[in-house]
Structure formats: C-alpha cells, structure tokens
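Quick note: numbers below take in every heavy atom, side chains included, and nothing from hydrogens, waters or symmetry partners.
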Amino acid sequence: MIELYLGLAVILLLTIGLGLGRVLRGPTATDRMLAAQLFGTTAVAILLLLGQASASHAIQNVALIFALLTAVSALTFVRRTSIDNGAEEEQPDGD
Amino acid sequence: MAINDLITGLLLLASLPFFLAGTLGLLRFPDLFCRLHALTKADNLGLGLVVTGLMFQADSWHQVARLLLTWLLVLVAGATVAHLIARKALEDGQRPWSRR
C-alpha cells in the first residue's frame, strides 16, 4: 500500500509540473493565479497521501492549513488587484 | 489483501483521472471562465475520492472527521474563490469565449 501512496504522490507532483505551463502562457495575471489555486488543491492531496504513507498523521493537519493558505492567497490577489485598478474608495480601518 | 485495502486502492486509482482532467483543462481550455470550471470541479472531485479512500484506512473516528472537514473546507474555499475571481474578471472587461 505504501508504494501506491507514494506512486500517486509522485504522479500528482508531475500534474503540478504540467500546470506550470499555464503560468508561462497565461495571458493575464488571473490565469497565473489559477495555477496557484491548482497547486493548493493538488498539494492537499499530496500531503494527505504522504501522511498516510509515513503513518504520521500530523502531516494531515498541515494539509488543512494548506487549504486555508490557498484560500487566503487567492483572496489577497483579488483584493489587491481590484484596489489597484479602481478608485481608492476604501476607508482605512479605524483605530 | 483485506477488503478495506482493496477499496482504498480502487478509490485512489479512480481519483487520478480527475486530477489529470483538471490540469488538462487548465492548460487547454480557451477562456479564463472555462479554466475556473476545470479547476474547481474536477480537482475537488479528485480530492474527494482521495479523502474517501483514505477514510477506509483511518484508525479512529477523529481521523475520519478531520479528513472530511479538510475536504469540505477545500470545497467551500474553492467555490468562494472561483466566484470572486470570475466577478473580478468580468469587472475588468473580459468576456466569455464564444465560437464567433
């Protein structure tokens, strides 16, 4: 079984490598952000498989944190680029 | 080979074409909105199959719950992020691809 987990993890890593093609080609910055989103979801799968293969279930907690980081990074991208494009209508947070 | 090992192996192998389809869609689809579809649907389904397969190997209900909650978090985050990215792209003026 461990060979199955490790083999699948390697194949998913190659999938991520293929996704880098979109980072190279993508006409807009949003396309490159989509590749980052791909990294996040596939990395959660890889971490879960590696955690099962090494019988160290602490790695599966890292997968949970990775999912959160992916969401936060995508939200930051959307927030930053829409502030740069549009007018600065945002009020700074009150102290 | 125990029955739960067999089920786990089948589910993990079944998840592989979904991940490959998601990446292939990201590379080959003609438009940003189509790529969002490939990313949030195919990849999350592949992740769901991986999680289901690993659930059969878990030692306790605590682990099963943790795996399930990880998958639900990825689903909800993916759906929210896809909506926000698509809305931002529409505001920037991108229009969906059409054959004309």
Side-chain angles (χ1 to χ4, degrees), chain A residues 1 4-5 7-9 11-12 14-31 33-38 40-49 51-53 55 57 60-75 77-79 81-82 85-86, chain B residues 1-2 5 8-9 12-13 15-16 18-29 31-32 35-36 38-40 42-44 46-51 53-54 57-60 62-63 66-67 69-78 80-89 91-92 94:
Chain A
M1 288 303 289
L4 177 66
Y5 300 142
L8 275 179
I11 293 181
L12 289 180
L14 292 178
T15 302
I16 291 185
L18 283 181
L20 283 175
R22 176 51 62 197
V23 177
L24 280 176
R25 282 202 291 162
T28 65
T30 313
D31 290 298
M33 195 60 215
L34 283 186
Q37 188 72 1
L38 172 77
T41 307
T42 313
V44 170
I46 291 178
L47 283 172
L48 289 178
L49 285 172
Q52 189 66 37
H57 298 288
Q60 297 184 344
N61 294 331
V62 178
L64 187 63
I65 297 177
F66 222 90
L68 287 170
L69 282 180
T70 307
V72 168
S73 72
L75 285 173
F77 167 79
V78 170
R79 194 69 178 150
T81 51
S82 57
N85 282 342
Chain B
M1 179 174 303
D5 282 350
T8 297
L12 288 181
L13 285 178
S15 78
L16 204 56
F18 286 102
F19 277 111
L20 289 175
T23 303
L24 204 60
L26 182 66
L27 287 176
R28 294 276 303 168
F29 274 168
D31 185 26
L32 170 70
R35 289 175 203 144
L36 273 176
L39 210 52
T40 49
D43 274 348
N44 287 349
L47 182 63
L49 284 173
V50 165
V51 161
L54 288 181
Q57 295 284 326
D59 297 325
S60 64
H62 176 73
Q63 266 177 22
R66 189 168 53 194
L67 285 172
L69 285 177
T70 305
W71 180 54
L72 287 179
L73 176 67
V74 170
L75 273 184
V76 170
T80 308
V81 160
H83 170 77
L84 287 175
I85 288 183
R87 189 178 67 175
K88 171 189 165 313
E91 283 173 0
D92 282 348
Q94 284 188 2

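- A/Gln37 and B/Gly78 make their closest contact through NE2-CA, 4.0 Å (heavy atoms, listed as atom of the first residue, atom of the second, distance).
- Of the atoms belonging to A/Thr70, not a single heavy atom falls under 4.5 Å from chain B.
- With a threshold of 4.5 angstrom between heavy atoms, A/Leu4 approaches chain B through side-chain atoms but not through N, CA, C or O.
- There is no contact between B/Glu91 and chain A, counting heavy-atom distances below 4.5 Å.
- Contacts of B/Val51 with chain A are made by side-chain atoms alone, with heavy-atom separations under 4.5 Å and no backbone atom involved.
- Contact detail for A/Leu34 and B/Leu39: the closest heavy-atom pair is O-CD2, 3.2 Å.
- Closest approach of A/Ala67 and B/Leu73 over heavy atoms only: CB-CD2, 4.0 Å.
- The contact between A/Tyr5 and chain B is made entirely by side chain atoms (from C-beta outward), counting heavy-atom distances below 4.5 Å.
- Listed options B/Asp43, B/Leu27, B/Leu24 were ranked by heavy-atom pairs under 4.5 angstrom with chain A; first place goes to B/Leu27.
- Contact detail for B/Leu16 and A/Ile11: the closest heavy-atom pair is CD1-CG2, 3.7 Å.
- Minimum interatomic distance between B/Gly9 and A/Met1 (heavy atoms only, all atoms of both residues): N-CE, 4.4 Å.
- Minimum heavy-atom separation, B/Leu26 to A/Arg22: O-NE, 3.0 Å.
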